[in-house]
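All chains are named by letter (A, B, ...) in the order of the sequence lines, taking the proteins before the strands, and each is independently numbered beginning at 1.
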Amino acid sequence: MAEKIDEKKVTPRSQDFAAWYNDLIIRAELADYSPVRGCIVFRPDGFAIWEHLRDELDRRIKKTGARNAYFPLFIPQSFLQKEAQHVEGFAPEVAVVTHGGGKELEEPLIVRPTSETIINHMFAQWIHSHRDLPLMVNQWCNVVRWELRTRPFLRTSEFLWQEGHTAHATREEAERETLTMLEVYRGFVEDYLAIPLVYGRKSAAERFPGAEETYTIEGLMPDGRALQCGTSHYLGQNFAKAFEIRFLDETNQLQHPHQTSWGVSTRLLGAIVMAHGDDQGLRLPPAVASTQVVIVPIWRKAEEGENVLVAARSIRHSLEQAGVRVRLDEREGLTPGFKFNDWEMRGVPLRIEIGPRDVAAGEVVMARRDIAGPPGKSKAPIAQAAERSTAVLAEIQKNLYQQAKAVADQNTRRFDDYGKLSAQMQGEGGGGLADIHWCGNPECETKIREETRATCRAIPLNQDGAPGKCIVCGESAKERAFFAKAY
RNA sequence: CGGGGCGUGGCGCAGCCUGGUAGCGCACCUGCCUUGGGAGCAGGGGGUCGGCCGUUCAAAUCGGCUCGCCCCGACCA
């Protein structure tokens, strides 16, 4: 009997985090494995999350002044060679097209791993004057990176993302843009996806190939590993020089523009699954849930069913009027218990139960996904179902953030002693986020990585500047940095 | 790319050691009956055991090769 029940459940998170994560994605029908190694299929429930996420982020990006465009999937192989760091970073993982139309191509085409090269090639033709600046474009597209090891959403051979590319007349303006986008990402992920973050600068070792400075938002997952959730790069004039982008400034001097690029990907879906999911399944933030409220009707006799359904449909109508994404589960032959479990697996934030007893009493039972069991249940008058739902959804959005924040905070520790840091990172799995003084020397960073497998995730901005000693070499260190094992 | 594990109806597995008509649970279809936390009964459909080669009267089972997938590590959004 116990085994029979186990079959209906996913691997407990506490038992095997990776298996739990994979189980959830398959069971909640977010994605499925594909016949192509390292590539996944986004099923409708998974893609719907991406669509909501994308639509909102797209609005926020456009608000900053960028406009959407689309550049080709294929890029001449020679383009990749033009920026030395860039080619070194990406060449090992590009897919190359050598044949087309049955013939070998004169010049192979690479499938974009990112679009700096082709976009800057075009920028060179569009930018001639300071009046052409700033130029700010964004594109939503797929990219391909031939990864050796893949995991659903977190690292797939092909993934979807947005990549913004901008060119500015001055260094200051480009640097400001880089930080503006970092803040757009931070606000979006924390508010909309309810995922708490740390953010800051990347170390030189972790920098984007070709960038002068990379900024990042990092989420600490419940297993104690950090996940890079988005990056914003200040590219300096590296690409402008490599692609010969030049403009005449107000004083008739020929200048290279200063550039940025920034992106987030479908990896964010993995972050949502990990940050909020539990052993019952997904727990989706209302903002991105394709179904925010599900109504489960309950009855015994046919005539009861009539009354219940009439009431349920009217509640659905009132929720729709209130702008809530609502679904009425009218499937026949399934018990309420089955439906409860089913919708919990899919992460629907709020469930409304209505049966003959409730219809008689003029009320409904509301069950919150973010609070398990009876404490998450409450009653509301039918007439107030829509109003209450809207309010509760807002609470759930906040509460999911608070819950995730509490877990992350619990796994974030300050260390001033290398031995303690090292002990914390021992063993398989994550070791949480370590907040340490670091002198900035790459050798000290390498030592930490090689001995603890933790890497520098972010060097926070706006530090208090309190002096300290590097946790590795003991030299004076002006800054603190976050280190963790990462996905 | 190194280490480990696994390939048997859609999914999860047993059978393999000790070759001999391919089985179980879930899911699916039909009917009855059911619905406040994963219902029950009855009937039914579906696989030739990842692929190739070999041993044998006979291979899911023994041997060799190969392909694929998953997990752990190094590399990376």
Asker: For the side chain of A:Glu353, counting heavy atoms from C-beta on, which of B:rU35, B:rG73, B:rG37 is nearest?
Answerer: B:rG37
Asker: Counting only side-chain nitrogens and oxygens, does A:Arg145 get under 4.0 Å of the OP1 or OP2 atom of B:rA77?
Answerer: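 Indeed not, no polar side-chain atom of A:Arg145 lies that close.
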Asker: Would a distance-only check, ignoring hydrogens and angles, find a side-chain to backbone donor-acceptor pair under 3.5 Å from A:Arg316 to A:Arg327?
Answerer: no
Asker: Using the C1' atom on both, measure B:rC26 against B:rG46 and round to a whole Å.
Answerer: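 Taking atom C1' in both B:rC26 and B:rG46, they lie 15 Å apart.
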Asker: Without decimals, in angstroms, what is the distance between A:Lys339 NZ and B:rG37 C1'?
Answerer: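 After rounding, the reported distance stands at 13 Å.
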Asker: Side chain of A:Arg155 only, please: which of B:rG36, B:rC76, B:rG38 is the nearest?
Answerer: B:rC76
Asker: Have a look at A:Lys485 and say if it touches a base, only the backbone sugar-phosphate, or nothing, with a 4.0 Å heavy-atom cut-off.
Answerer: nothing
Asker: Is any N or O donor-acceptor pair between the side chain of A:Asp358 and the base of B:rG36 shorter than 3.5 Å?
Answerer: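 Side chain to base: pair present.
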Asker: Which is true for A:Pro92 with a 4.0 Å heavy-atom rule: it touches a base, it touches only sugar-phosphate, or it touches nothing?
Answerer: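 Touches nothing.
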Asker: Grab the CZ-P distance between A:Arg27 and B:rC26 for me, whole Å please.
Answerer: 15 Å
Asker: Scan side-chain atoms only and decide if A:Thr455 and A:Arg457 contain a donor-acceptor pair under the 3.5 Å cut-off.
Answerer: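 Side-chain D/A pair, A:Thr455 to A:Arg457: present.
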Asker: To the nearest angstrom, how far is A:Lys377 atom NZ from B:rG37 atom P?
Answerer: 7 Å
Asker: Looking only at the side chains, is there a donor atom on one of A:Gln228 and A:Arg267 sitting less than 3.5 Å from an acceptor on the other?
Answerer: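 Result is no, nothing qualifies.
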Asker: Tell me what A:Arg207 touches on the nucleic acid: a base, only sugar-phosphate, or nothing, going by heavy atoms under 4.0 Å.
Answerer: nothing
Asker: What integer distance in Å separates A:Arg449:CZ from B:rG73:C1'?
Answerer: 13 Å
Asker: Report the stems of RNA chain B as range-with-range entries sorted by first number; a stem here is at least three consecutive pairs, Watson-Crick or G-U wobble, both distances under 3.5 Å, and write none if there are none.
Answerer: B:1-7 with B:67-73, B:10-13 with B:23-26, B:28-32 with B:40-44, B:50-54 with B:62-66
Asker: Any chance you could measure A:Gln139, atom CD, to A:Asn68, atom CG, to the nearest 0.5 Å?
Answerer: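 Interatomic distance, A:Gln139 CD to A:Asn68 CG, rounded to 0.5 Å: 9.0 Å.
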Asker: For A:Phe159, give me all partners under ring-ring contact (aromatic ring centres under 6.0 Å, His included), at least two apart in sequence or on another chain.
Answerer: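 Scan of A:Phe159 (ring-ring contact (aromatic ring centres under 6.0 Å, His included), adjacent residues dropped) gives A:Trp161.
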Asker: So, applying ring-ring contact (aromatic ring centres under 6.0 Å, His included) with A:His121, which one of A:Phe71, A:Phe79, A:Phe243 is it?
Answerer: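 Option passing the ring-ring contact (aromatic ring centres under 6.0 Å, His included) with A:His121: A:Phe79.
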Asker: With rounding to whole Å, what would you report as the distance between B:rC70 and B:rC65 at their C1' atoms?
Answerer: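 These two C1' atoms come out 22 Å apart once rounded.
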Asker: Would you classify A:Glu93 as touching base, sugar-phosphate or nothing, given that sugar-phosphate means primed atoms plus P, OP1 and OP2, and contacts are heavy atoms under 4.0 Å?
Answerer: sugar-phosphate
Asker: When the ring planes of A:Trp438 and A:Phe483 are compared, do they come out parallel, tilted or perpendicular, using 30° and 60° as the limits?
Answerer: perpendicular
Asker: Can you check the distance between B:rG37 and B:rA74, where both ends of the measurement are the P atom (answer in whole Å)?
Answerer: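 Pairwise P distance, B:rG37 against B:rA74, rounds to 47 Å.
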Asker: Give A:Ser265 one of three labels, base, sugar-phosphate or nothing, depending on what nucleic acid heavy atoms sit under 4.0 Å from its own.
Answerer: base
Asker: Using the C1' atom in both, what is the distance from B:rG7 to B:rA14, to the nearest Å?
Answerer: 15 Å
Asker: What's A:Glu344 touching, base or sugar-phosphate or nothing? Going by heavy atoms closer than 4.0 Å.
Answerer: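 The answer is base, as A:Glu344 lies within the cut-off (heavy atoms under 4.0 Å) of a base atom.
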Asker: Is there a side-chain contact between A:Thr335 and the phosphate of B:rA39, meaning an N or O under 4.0 Å from OP1 or OP2?
Answerer: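 Result: yes.
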Asker: When rounded to the nearest Å, what value does the distance between P atoms of B:rG63 and B:rC16 take?
Answerer: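 The same atom, P, in both gives a distance of 14 Å.
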Asker: Roughly how far apart, to the nearest Å, are B:rG10 and B:rU61 at atom C1'?
Answerer: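 These two C1' atoms come out 25 Å apart once rounded.
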Asker: Stacking here means centres under 5.5 Å and planes under 30°; does A:Phe159 stack on B:rA77?
Answerer: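 Yes; centroid distance and tilt both under limits.
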Asker: Please check if the side chain of A:Trp20 supplies one atom and the backbone of A:Asp278 the other of a donor-acceptor pair under 3.5 Å.
Answerer: yes
Asker: I need the NZ-P distance between A:Lys202 and B:rA77, as an integer number of Å.
Answerer: 8 Å
Asker: Is there a side-chain contact between A:Arg300 and the phosphate of B:rU35, meaning an N or O under 4.0 Å from OP1 or OP2?
Answerer: yes
Asker: What nucleic acid atoms does A:Thr156 come within less than 4.0 Å of, heavy atoms only: base, sugar-phosphate, or nothing?
Answerer: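 The residue A:Thr156 makes base contact.
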Asker: So A:His233 and A:Phe208, ring-ring contact (aromatic ring centres under 6.0 Å, His included) or not? Walk me through it.
Answerer: CA-CA 7 Å; A:His233 315 292; A:Phe208 176 76; 4.2 Å; yes
Asker: Using a 4.0 Å heavy-atom cut-off, does A:Glu147 contact any base of the nucleic acid, only the sugar-phosphate backbone, or nothing at all?
Answerer: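 Since a base atom lies under 4.0 Å of A:Glu147, the category is base.
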Asker: Give a yes or no on whether a salt bridge exists between A:Arg300 and A:Glu304, defined as a side-chain N under 4.0 angstrom from a carboxylate O.
Answerer: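 Answer for the salt bridge query: no.
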Asker: Can you tell me the distance, in whole Å, between the CG atom of A:Leu148 and the C1' atom of B:rG73?
Answerer: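 Atom-to-atom, A:Leu148 to B:rG73, this comes out as 12 Å.
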Asker: Counting heavy atoms from C-beta on, name the nucleotide in B:rU35, B:rG38, B:rG37 closest to the side chain of A:Ile298.
Answerer: B:rU35
Asker: Reading RNA chain B from 5' onward, which residue's closest nucleotide shows up sooner: A:Arg331 or A:Pro209?
Answerer: A:Arg331
Asker: With a 4.0 Å cut-off on heavy atoms, is A:Ile26 in touch with a base, just the backbone sugar-phosphate, or nothing at all?
Answerer: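 The residue A:Ile26 makes no contact with any strand.
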Asker: Considering only the C1' atoms, how many Å lie between B:rC76 and B:rG15, rounded to the nearest integer?
Answerer: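 So the two C1' atoms sit 43 Å from each other.
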Asker: How close or far is atom P of B:rC76 from atom CH2 of A:Trp161, stated in whole angstroms?
Answerer: 16 Å
Asker: Just checking A:Val296: base, sugar-phosphate only, or nothing, at a heavy-atom cut-off of under 4.0 Å?
Answerer: nothing
Asker: Just to be sure I understand the rule, does A:Arg357 reach a base, reach only the sugar-phosphate, or reach nothing, if contact means heavy atoms closer than 4.0 Å?
Answerer: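 The residue A:Arg357 makes base contact.
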Asker: Is A:Leu227 touching bases, backbone alone, or none of the nucleic acid, heavy atoms closer than 4.0 Å?
Answerer: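 A:Leu227: no heavy atom of the nucleic acid under 4.0 Å.
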Asker: On the six-membered ring of A:Trp343, is A:Arg351 placed so that its NZ or CZ lies under 6.0 angstrom from the centre and within 45° of the ring axis?
Answerer: no
Asker: Verify the distance criterion only: is there a donor paired with an acceptor across the side chains of A:Tyr199 and A:Glu183 at less than 3.5 Å?
Answerer: no
Asker: Measure the distance from CH2 on A:Trp299 to P on B:rG36 and round it to the nearest whole Å.
Answerer: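 These atoms are roughly 11 Å apart.
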Asker: Is there any protein nitrogen or oxygen under 3.5 Å from a nitrogen or oxygen in nucleotides 69-71 of chain B, and what are the pairs?
Answerer:
from	atom 1	to	atom 2	distance (Å)
B:rC71	OP1	A:Asn22	ND2	2.7

Asker: Donor-acceptor pair, distance only, cut-off 3.5 Å: does the side chain of A:Thr452 make one with the backbone of A:Arg449?
Answerer: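 No, A:Thr452 side chain to A:Arg449 backbone: no donor-acceptor pair under 3.5 Å.
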Asker: Expressed as a whole number of Å, how far does the P atom of B:rA60 sit from that of B:rA22?
Answerer: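 Going atom to atom, P in each nucleotide, I get 8 Å.
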